[in-house]
Amino acid sequence: MRHTFTLALSLSVFWLINSGHNTPLMLSLGAISITFVLYIAHRMDVVDHESQPIHLTQKLPGYNTWLIKEIILANILVVKHIWLGNKSISPTMSRIKVSQKTDIGKVIYANSITLTPGTVTINIGKDEFLVHALLQESIDDLQSGEMDRRVTQLESQC
Amino acid sequence: MLIAAILAILVVMVMAFTRGFVGPTLYDRILAVNMFGTKTVLLISLLGFLMGRPEFLDIAIVYALINFISVIGVLRYSDSSIFKDRKLQKKIIKKSS
Amino acid sequence: MDILISTGSSLFLLIGSFLCISGGLGILRFPDFYTRMHAVSVTETLATTMILLGLMLLSPDILVLLKLIIILLMTLFISPTASHALAHAAMRNDLKPELDQKNKDEVMPSNP
């Protein structure tokens with residue numbers, strides 16, 4: 001029930017931002033379409049804690065600020081190596097241990113790795129990821145496990 | 001400064017286009033098309049601000065979604081045999097014959 | 001105040017354009033598919049963020065600002081998904097990456 005409510009709330013916000021009209025006709029059309037989408041989502045059985053991870057909201061801002069800082073640092077590193085040329089890069093492929101238990105934790109970790117420039121998750125296994133990196137040092141950073149620790153901390157809210 | 005940004009994005013689009021033509025493998029081409037699409041979203045937003053018509057942003061949102069769906073739609077067929085690496089395929093054919 | 005806002009937005013747009021050009025140079029310059037992917041990922045994260053931030057400072061009303069935030073969030077959610085799908089498809093179809101000399105004898109994955 002909580003998840004249905006948050007889904008309806010986010011859909012209404014999305015409608016209001018995109019339409020920008022406040023006439024009764026427009027608002028009622030919006031209400032009809034939101035109800036329809038909710039009905040379809042219930043039929044597809046996708047309204048649960050995975051599509052609406054509201055249990056993570058408390059810790060998410062802290063994690064996001066840390067992730068943004070990491071993204072900016074990684075961007076600067078990759079841009080530096082683009083301008084330095086092909087001699088300076090050291091493409092590496094490696095397996096990274098994963099300590100998350102739930103699917104949503106693994107997805108957050110894999111997405112964070114891919115979102116950071118310089119590292120791409122290629123394959124997701126049972127307890128390890130296959131990661132391709134532009135530089136050896138990004139792999140070393142990942143293997144030191146700070147991101148892993150933070151995602152596990154975030155996930156432990158569940 | 002808007003005009004400078006638009007010019008920069010046009011240059012990047014030309015670069016992506018070049019990679020799309022030259023790209024040795026199929027995946028390079030898909031990557032170039034994906035990059036071209038995301039740059040188009042930025043270009044539409046910038047043009048909207050330059051012309052003073054922020055309604056263009058709606059088109060940019062729709063374009064971002066279409067771009068994503070098209071890439072995923074192409075990759076949906078990556079199981080089929082035409083997606084295999086050409087050189088590798090030739091090697092396999094040589095071995096088997 | 002006006003001058004401050006327009007200077008800030010010009011600065012953001014300039015940084016975004018520079019990052020875009022760097023990414024475009026990277027996609028032309030890097031040797032193989034997997035490394036080019038990192039260059040594209042630069043243009044899809046920080047460059048997009050910077051250009052959209054520069055536009056956000058110029059936005060005339062709150063609705064435009066919210067739409068720009070939606071575009072930014074959408075790009076940030078979409079780009080890792082698309083690049084993971086692309087890399088996964090390439091690896092599944094046996095496109096081998098060019099690895100560095102000293103790491104060459106490491107894990108070459110048995111195909112998933």
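Residue numbering restarts at 1 for every chain, and letters A, B, ... go by the order of the sequence lines. Scope of the values below: all heavy atoms of this structure, side chains included, with no hydrogens, waters or symmetry mates.
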With respect to chain C, which residue among L57(B), D28(B), L7(B) yields the maximal number of heavy-atom pairs within a distance under 4.5 Å? D28(B)
Could you tell me which portion of S59(C) (side chain, backbone, both or neither) has an atom closer than 4.5 angstrom to a non-hydrogen atom of chain B? both
Taking side chain to side chain donor-acceptor pair (under 3.5 Å) as the cut-off, I'd like each qualifying pair that reaches into residues 12-34 of chain C, sequence neighbours left out, listed once. W83(A)-S22(C), D32(C)-T35(C)
Chain C contact via V41(B) - which portion, at a heavy-atom distance below 4.5 Å: side chain
Can you tell which part of I72(B) gets under 4.5 Å to a heavy atom of chain C, answering side chain, backbone, both or neither? side chain
Where the side chain of T48(C) meets the backbone of T43(C), is there a donor-acceptor pair that is under 3.5 Å apart? yes
Answer with side chain, backbone, both or neither: which region of I9(B) has an atom nearer than 4.5 Å to a non-hydrogen atom of chain C? side chain
Would you say the side-chain atoms of R19(B) pair up with the backbone N or O of L28(C), donor to acceptor, closer than 3.5 Å? yes
Taking every heavy-atom pair that is under 4.5 Å apart, which of T75(C), I71(C), T81(C) has the most such pairs with chain B? I71(C)
Contacting region of I78(C) [heavy-atom separation from chain B under 4.5 Å]: both
For I3(C), look at atom CD1 and say whether over 12 heavy atoms of other residues, nucleotides or ligands are found less than 6.0 Å away. no
Which answer fits I21(C), side chain, backbone, both or neither, if we ask what part of it has an atom under 4.5 Å from a heavy atom of chain B? both
Please lay out, stage by stage, how M13(B) and L10(B) fare under the test side-chain contact (heavy atoms from CB on, under 4.5 Å). CA-CA 5 Å; M13(B) 282 168 100; L10(B) 282 176; 4.2 Å; yes
If you apply the rule side-chain contact (heavy atoms from CB on, under 4.5 Å), what do you find for V33(B) with V71(B), and how did you get there? CA-CA 8 Å; V33(B) 168; V71(B) 169; 5.6 Å; no
Using a cut-off of under 4.5 Å on heavy-atom pairs, state which of M74(C), K67(C), R36(C) scores highest against chain B. R36(C)
Starting from the C-alpha separation in whole Å, work towards a yes-or-no answer on side-chain contact (heavy atoms from CB on, under 4.5 Å) for F12(C) and L57(C). CA-CA 9 Å; F12(C) 278 134; L57(C) 288 180; 3.8 Å; yes
Need one label for T38(B): side chain, backbone, both or neither, based on atoms under 4.5 Å from any heavy atom in chain C. side chain
When rounded to the nearest 0.5 Å, the distance separating OG of S79(C) from CG of N67(B) is 11.0 Å
Using a cut-off of under 4.5 Å on heavy-atom pairs, state which of V12(B), L31(B), I61(B) scores highest against chain C. L31(B)
